Amino acid sequence: QVQLVESGGGLVQAGGSLRLSCAASGRTFNGYAMGWFRQAAGKEREFVATLNWIDGSTVYADSVKGRFTISRDNVKNTVYLQMNSLKPEDTAVYYCAASRDGVKSSRWFNYDYWGQGTQVTGSS
């Protein structure tokens, strides 16, 4: 059974940086697509970024393009989300997700496995 565990969240001032990690256990991610989503209080879950594990190709939401970077470490079986130039509106619980079919998607229902989430708070 696949388990995803996020870490790295916290409180950061506007303009600061954080790096989120998503470590997997139970199997490797080879052939999967990985995604990061976020959900702010009272709002729907929102797509942030996605990555294909085999070729490393990525897609980003317009709201984070140029500021966030999704990447992977094959040896550690871990996906990262580097977040720079953070804004107060980036405040949310961030979730890591994995899709067995390997197709990058911005739709949360296309993902099969989810982590428990990690809180990111950007202060003004």
Side-chain angles (χ1 to χ4, degrees):
Q1 183 175 354
V2 173
Q3 288 188 321
L4 305 176
V5 179
E6 301 102 332
S7 61
L11 174 66
V12 62
Q13 287 189 333
S17 298
L18 280 175
R19 188 178 78 159
L20 306 183
S21 300
C22 173
S25 61
R27 64 154 294 149
T28 66
F29 284 140
N30 193 27
Y32 279 45
M34 304 301 298
W36 284 98
F37 290 77
R38 64 187 182 186
Q39 188 165 17
K43 295 187 177 181
E44 293 185 352
R45 191 162 297 192
E46 175 188 26
F47 167 71
V48 175
T50 181
L51 170 147
N52 178 279
W53 195 268
I54 293 178
D55 63 17
S57 59
T58 58
V59 177
Y60 295 93
D62 288 343
S63 59
V64 306
K65 200 173 294 183
R67 300 189 297 124
F68 290 10
T69 303
I70 185 172
S71 63
R72 73 200 188 293
D73 185 318
N74 292 335
V75 174
K76 295 182 178 180
N77 210 32
T78 298
V79 176
Y80 301 100
L81 185 69
Q82 177 67 43
M83 304 185 295
N84 298 328
S85 303
L86 279 162
K87 305 175 181 180
E89 52 263 43
D90 293 320
T91 296
V93 176
Y94 283 70
Y95 297 92
C96 172
S99 171
R100 289 192 299 262
D101 66 11
V103 178
K104 301 188 298 289
S105 174
S106 62
R107 301 178 179 181
W108 64 266
F109 49 80
N110 285 335
Y111 291 81
D112 304 292
Y113 305 102
W114 290 85
Q116 82 288 351
T118 185
Q119 176 71 48
V120 171
T121 303
S123 64
S124 56

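Excluded from the calculations below are hydrogen atoms, water molecules and symmetry mates; all remaining heavy atoms, backbone and side chain alike, are included. No experiment lies behind these values; they were computed from the predicted model shown.
Nearest heavy-atom pair across Met34 and Ala98 is SD-CB, 3.7 Å. Counting all heavy atoms, side chain and backbone alike, Leu51 lies closest to Arg72 at CD2-CD, 3.7 Å. Of all the heavy atoms in Pro88 and Ser124, the pair that sits closest is CG-CB, 3.8 Å. Residues Asn30 and Arg27 share a closest heavy-atom pair of O-NH2, 3.6 Å. Of all non-hydrogen atoms in Leu4 and Cys96, the two that sit nearest each other are CD1-O, 3.8 Å.
Applying the salt bridge (charged side-chain N to carboxylate O under 4.0 Å, His left out) test to residues at least two apart or on different chains, the pairs with a partner in residues 44-53 are Arg38-Glu46.
Using a 4.0 Å cut-off between charged nitrogen and carboxylate oxygen, Lys65 and Asp62 count as a salt-bridge pair.
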- Message: side chain to side chain contact (heavy atoms under 4.5 Å, CB included), that's the test. Do Tyr113 and Gln3 meet it? Break it down for me.
- Response: CA-CA 7 Å; Tyr113 305 102; Gln3 288 188 321; over 6 Å; no
- Go through the steps to decide whether Asn110 and Val103 satisfy the test side chain to side chain contact (heavy atoms under 4.5 Å, CB included), and finish with yes or no. CA-CA 9 Å; Asn110 285 335; Val103 178; over 6 Å; no
- Stepwise, does the side chain to side chain contact (heavy atoms under 4.5 Å, CB included) test hold for Asp90 with Phe68? CA-CA 11 Å; Asp90 293 320; Phe68 290 10; 3.9 Å; yes
- Query: Does the side chain to side chain contact (heavy atoms under 4.5 Å, CB included) test come out yes or no for Thr118 and Val93, once each step is laid out?
  - Reply: CA-CA 5 Å; Thr118 185; Val93 176; 6.0 Å; no
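The six-membered or imidazole ring of Phe29 lies near that of Trp53, with a centre-to-centre distance under 6.0 Å. Residues Trp36 and Phe47 keep their aromatic ring centres 6.0 Å or farther apart.
The side-chain heavy atoms of Glu6 and Ser21, taken from C-beta on, include no pair separated by under 4.5 Å. Thr91 places a side-chain heavy atom less than 4.5 Å from the side chain of Gln119. Put simply, the side chain of Leu86 reaches to within 4.5 Å of the side chain of Leu18, judged on heavy atoms.
With Val64 as the fixed residue, the side chain to side chain contact (heavy atoms under 4.5 Å, CB included) test singles out one of Val48, Ile70, Thr69: Val48. Under the ring pair (Phe, Tyr, Trp, His ring centres under 6.0 Å) test applied with Phe37, the options Trp114, Phe109, Tyr95, Trp108 reduce to a single match, Trp114. The side chain to side chain contact (heavy atoms under 4.5 Å, CB included) test with Val75 is passed by exactly one of Thr78, Asp73, Asn77: Asp73.
Thr50 and Tyr111 are linked by a side-chain donor-acceptor pair at a separation below 3.5 angstrom, with hydrogens and angles left out of the test. For the residue pair Ser17 and Asn84, a side-chain donor N or O sits within less than 3.5 Å of a side-chain acceptor on the partner.
Using a 4.5 Å cut-off between side-chain heavy atoms of Ile, Leu, Val, Met, Phe, Trp and Tyr, with links allowed through other members, Val120 and Tyr80 fall into different hydrophobic clusters.
Distance check: Ser99 OG to Arg107 CZ gives 13.0 Å after rounding to the nearest 0.5 Å. Atom CD in Gln13 sits 5.0 Å away from atom OG in Ser123 (nearest 0.5 Å).
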